Amino acid sequence: MSTFKPYLSAIEAPSLSEVQAFHGLTLLEFGTEWCGHCRAAQALIAQALASSTDWQHLKIEDGPGRPLGRNFRVKLWPTLVWLRDGQEVARLVRPSSALDIETAMSKT
């Protein structure tokens, strides 16, 4: 997994109905390229996900008027939302360590 995977733009990002139709395990990461907290979290997220190949990881660019972020009530970046078969099972806002991420992931 690349640490520098770009965020999906509003045009590229899946719709809520597409997300709800996902099968298996998905991690939605809401943030932006210019967000300092998002940039700082990239290595932590990559480290936490390195040991697990079960997760589909989608980075969604968020901001005012972005419907997917609003549907998931995203207020701060990065917000990590874990899904199982399209349904939210865990959430973490502004992770400060890989252990935080691994702990949230283990709740799924």
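Keep in mind that this is a model prediction, so the values were computed, not measured.
- The CD1 atom of Ile45 lies 7.0 Å from the NZ atom of Lys59; values are rounded to the nearest 0.5 Å.
- Criterion: ILVMFWY side-chain heavy atoms under 4.5 Å apart, direct or through other members. Under it, Leu27 and Val89 are part of a common hydrophobic cluster.
- The side-chain heavy atoms of Ile101 and Trp82, taken from C-beta on, include a pair separated by under 4.5 Å.
- Of all heavy-atom pairs between Trp77 and Cys35, the closest is CB-SG, 3.9 Å.
- In this structure, CZ on Arg39 lies 9.0 Å from CD on Glu33, to the nearest 0.5 angstrom.
- For the pair Val93 and Leu76, the tightest heavy-atom approach, listed with the atom from each and the gap, is CG1-CB, 3.7 Å.
- You'll find the side chain of Phe72 reaches within 4.5 Å of the side chain of Val19, heavy atoms only.
- One distance of note links CD of Glu61 with CD1 of Ile11; it measures 10.5 Å at 0.5 Å rounding.
- How far NZ of Lys5 is from CD of Gln42: 10.0 Å, rounded to the nearest 0.5 Å.
- Note on Trp55: it does not cluster hydrophobically with Phe30, by side-chain heavy-atom contacts below 4.5 Å among ILVMFWY residues.
- Panel note: side chain Arg70, backbone Val74; a donor-acceptor pair is recorded below 3.5 Å.
- Considering every non-hydrogen atom in both Ser97 and Leu44, the closest pair reads N-CD1, 3.7 Å.
- A side chain to side chain contact (heavy atoms under 4.5 Å, CB included) with Thr26 holds for exactly one of Arg84, Gln56, Glu88; it is Gln56.
- You'll find the side chain of Pro14 reaches within 4.5 Å of the side chain of Ile60, heavy atoms only.
- Atoms OG1 and CG, on Thr32 and Asp62 in that order, are 8.5 Å from each other to the nearest 0.5 Å.
- In this structure, the side chains of Pro78 and His37 come closer than 4.5 Å at one or more pairs of heavy atoms.
- Closest of all the heavy-atom pairs between Ser96 and Asp100 is OG-OD2, 2.8 Å.
- A 4.5 Å side-chain heavy-atom check between Arg91 and Thr79 finds at least one atom pair inside the cut-off.
- The shortest side-chain heavy-atom distance between Tyr7 and Glu12 does not fall under the 4.5 Å cut-off.
- Contact check for Leu49 versus Met105: side-chain heavy atoms found under the 4.5 Å cut-off.
- For the atom pair NE2 of His57 and CG of Leu80, the computed distance is 7.0 Å after rounding to the nearest 0.5 Å.
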